[in-house]
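Okay, structure first, notes after.
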Amino acid sequence: MAAPRSFLWSRRIFLTLLTVFVLLPVYVMISSSLKPLEDVSGKFAWIPSGLTVRPYFDIWETVPLADYFVNSLIVAGAATVCSVTIAVFAAYAVSRYSFRGKRVFTVTVLSTQMFPGILFLLPLFLIYVNIGNATGIALFGSRVGLILTYLTFSLPFSIWMLIGYFDSVPRDLDEAAKVDGCGPLGALFRVIVPAAIPGIVAVAVYAFMTAWGEVLFASVMTNDTTRTLAVGLQGYSTQNDVYWNQIMAASLVVSLPVVAGFLLLQRYLVTGLTAGAVK
């Protein structure tokens, strides 16, 4: 039975308004990044009177954006690799084996997502400072400390999500691998992991995006040499002026890795999130 014409037109109007609502900020960002500073500082004009690509060159000189870019890549990449690696082993153990405290472990992992991140800021700060004073290991203000910080809230979600995805993989595959002579680790890496690639990719994208755009912990746990992009963008705002065109240009440049990765892995991401949510 065909849908009524009123429903079709209502859907078209709604989708059109939604598209305009989503793309309008993107247009403002792109157009502002191509304007001279004096045009951006005044009244906003929807149609630029003059275009320039100079802000895209100035962003690397106004602040050490390249250094912030390297710090973000190292921190987000390391946090993603560690989160995925640990989550694969933990989720496989919970999904395939029965042990005392299994229910408590899964509930605890999931319950950590109910607390806001700011509750962990002061405890982690005190822990890092005390570790540094006692052992000389500088976790506060270092990339390693920031990576460990991001693991505290990306790892529990990654474990919980992969548990649901591993549960959807038939256990017959494990038995077939054992018949072929594989042990538990052999079954994991040769059978389960290839079958769970969409879920693993979804976890990796989540962990990377979380670390890439995080501001709260990065603003406290870093210094001038370990500052990440999310915090470094504040450098375009000074006491004398705010470089709005450079802020918009830098925001677009910072967003490119995440947007490109999301578009390339969108198929795996949707599949992984759907399977994890269903289970």
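Just so it is clear, the structure is predicted and the values come from calculations on it, not from any experiment.
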Can you tell me how far apart [atom1] ([X]) and [atom2] ([Y]) are? Round to the nearest 0.5 Å.
| X | Y | atom1 | atom2 | answer |
| --- | --- | --- | --- | --- |
| Ile59 | Asn245 | CD1 | CG | 10.0 Å |
| Leu216 | Met221 | CG | CE | 9.0 Å |
| Ser32 | Gln246 | OG | CD | 13.0 Å |
| Leu24 | Thr19 | CG | OG1 | 12.0 Å |

Note to self: With a 4.5 Å cut-off on side-chain heavy atoms, are Leu124 and Val220 touching?
What the structure shows: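 A side-chain contact under 4.5 Å is absent here.
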Check: Can you tell if the side chain of Val205 reaches within under 4.5 Å of the side chain of Met209, non-hydrogen atoms only?
Finding: yes
May I ask whether [X] and [Y] are part of the same hydrophobic cluster, defined by side-chain heavy atoms of I, L, V, M, F, W, Y residues being less than 4.5 angstrom apart, directly or through others?
| X | Y | result |
| --- | --- | --- |
| Leu51 | Phe57 | yes |
| Val242 | Met248 | yes |
| Leu119 | Phe125 | yes |
| Ile74 | Tyr68 | no |
| Leu122 | Ile131 | yes |

Exercise: identify the closest heavy-atom pair between [X] and [Y]:
| X | Y | result |
| --- | --- | --- |
| Pro194 | Ile197 | O-CG1, 3.3 Å |
| Tyr165 | Ala196 | CE2-CA, 3.3 Å |
| Ala91 | Leu162 | CB-CB, 3.5 Å |
| Ser95 | Asp167 | OG-OD1, 2.6 Å |
| Thr228 | Ala218 | OG1-CB, 3.5 Å |

Note to self: Parallel, tilted or perpendicular, judged at 30° and 60°: which one describes the rings of Tyr206 and Phe157?
What the structure shows: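 Judged by the thresholds at 30° and 60°, the geometry between Tyr206 and Phe157 is tilted.
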Check: How are the rings of Phe69 and Trp60 set to each other: parallel, tilted or perpendicular (split at 30° and 60°)?
Finding: tilted
Next item on the list: Go through the structure and list residues passing side-chain contact (heavy atoms from CB on, under 4.5 Å) with Val22, not counting sequence neighbours.
Entry: Leu18
Next item on the list: Walk me through it: do Ile192 and Arg96 pass the test side chain to side chain contact (heavy atoms under 4.5 Å, CB included)?
Entry: CA-CA 11 Å; Ile192 305 302; Arg96 290 301 192 264; 3.8 Å; yes
Checklist line | Where at least one partner belongs to residues 117-132, residue pairs that pass side-chain hydrogen bond (donor to acceptor under 3.5 Å, both in side chains), sequence neighbours excluded | finding: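 As it turns out, the side-chain hydrogen bond (donor to acceptor under 3.5 Å, both in side chains) pairs with a partner in residues 117-132, which skip direct neighbours, are Tyr128-Thr149.
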Note to self: So, applying side-chain contact (heavy atoms from CB on, under 4.5 Å) with Val203, which one of Val84, Val88, Ile159 is it?
What the structure shows: Val84
Next item on the list: Check salt bridge (Lys or Arg N to Asp or Glu O under 4.0 Å) between Arg11 and all other residues, then give those that pass, not counting sequence neighbours.
Entry: none
Check: In terms of heavy-atom contacts, does CZ of Arg12 have more than 12 from other residues, nucleotides or ligands at under 6.0 Å?
Finding: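 Yes, because the 6.0 Å sphere around CZ of Arg12 holds more than 12 heavy atoms from other groups.
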Check: What do you reckon, is OH of Tyr27 surrounded by more than 12 foreign heavy atoms closer than 6.0 Å?
Finding: yes
Output a table of donor-acceptor pairs, distance under 3.5 Å, between side-chain atoms of residues 137-147 and any protein atom two or more places apart or on a different chain; print 'none' if there are none.
residue, atom, partner, partner atom, Å
Ser142, OG, Ala138, O, 2.9
Ser142, OG, Leu139, O, 2.8
Ser142, OG, Gly145, N, 3.2
Arg143, NE, Asn71, OD1, 3.0
Arg143, NH2, Asn71, OD1, 2.6

Checklist line | Within residues 57-72 or reaching into it, pairs that qualify as salt bridge (charged side-chain N to carboxylate O under 4.0 Å, His left out) - sequence neighbours excluded | finding: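 Of all non-adjacent pairs touching residues 57-72, those that pass salt bridge (charged side-chain N to carboxylate O under 4.0 Å, His left out) are Arg54-Asp58.
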Distance-only criterion, 3.5 Å: show the donor-acceptor pairs between side-chain atoms of residues 249-264 and protein atoms not counting sequence neighbours.
residue, atom, partner, partner atom, Å
Ser251, OG, Ile247, O, 2.7
Ser255, OG, Ser251, O, 2.7

Partners passing ring-ring contact (aromatic ring centres under 6.0 Å, His included) against [X] (at least two apart in sequence or in another chain):
| X | result |
| --- | --- |
| Phe208 | Trp212 |
| Tyr150 | Phe153 |
| Phe89 | Phe189 |

Polar side-chain atom of [X] near backbone of [Y] as donor-acceptor pair, under 3.5 Å:
| X | Y | value |
| --- | --- | --- |
| Ser72 | Leu229 | yes |
| Thr85 | Cys82 | no |
| Thr226 | Thr222 | no |

Notebook entry, point to check: Leu23: which other cluster members, linking ILVMFWY side chains closer than 4.5 Å, directly or transitively?
Noted result: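 Other cluster members: none.
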Check: Which other residues end up in the same hydrophobic cluster as Ile13, if Ile, Leu, Val, Met, Phe, Trp and Tyr are linked when side-chain heavy atoms come under 4.5 Å apart?
Finding: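 Leu17, which link up through side-chain heavy atoms under 4.5 Å apart, make up the rest of the cluster.
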Check: Stepwise, does the side chain to side chain contact (heavy atoms under 4.5 Å, CB included) test hold for Leu233 with Tyr236?
Finding: CA-CA 6 Å; Leu233 292 179; Tyr236 294 104; 3.9 Å; yes
Next item on the list: With sequence neighbours excluded, give me every ring-ring contact (aromatic ring centres under 6.0 Å, His included) pair touching residues 237-259.
Entry: none
Check: Does a donor on one side chain sit under 3.5 Å from an acceptor on the other, for Ser83 and Ser158?
Finding: yes
Notebook entry, point to check: Does one side chain, of Tyr56 or Ser33, offer a donor that lies under 3.5 Å from an acceptor on the other?
Noted result: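 There is such a pair between these side chains.
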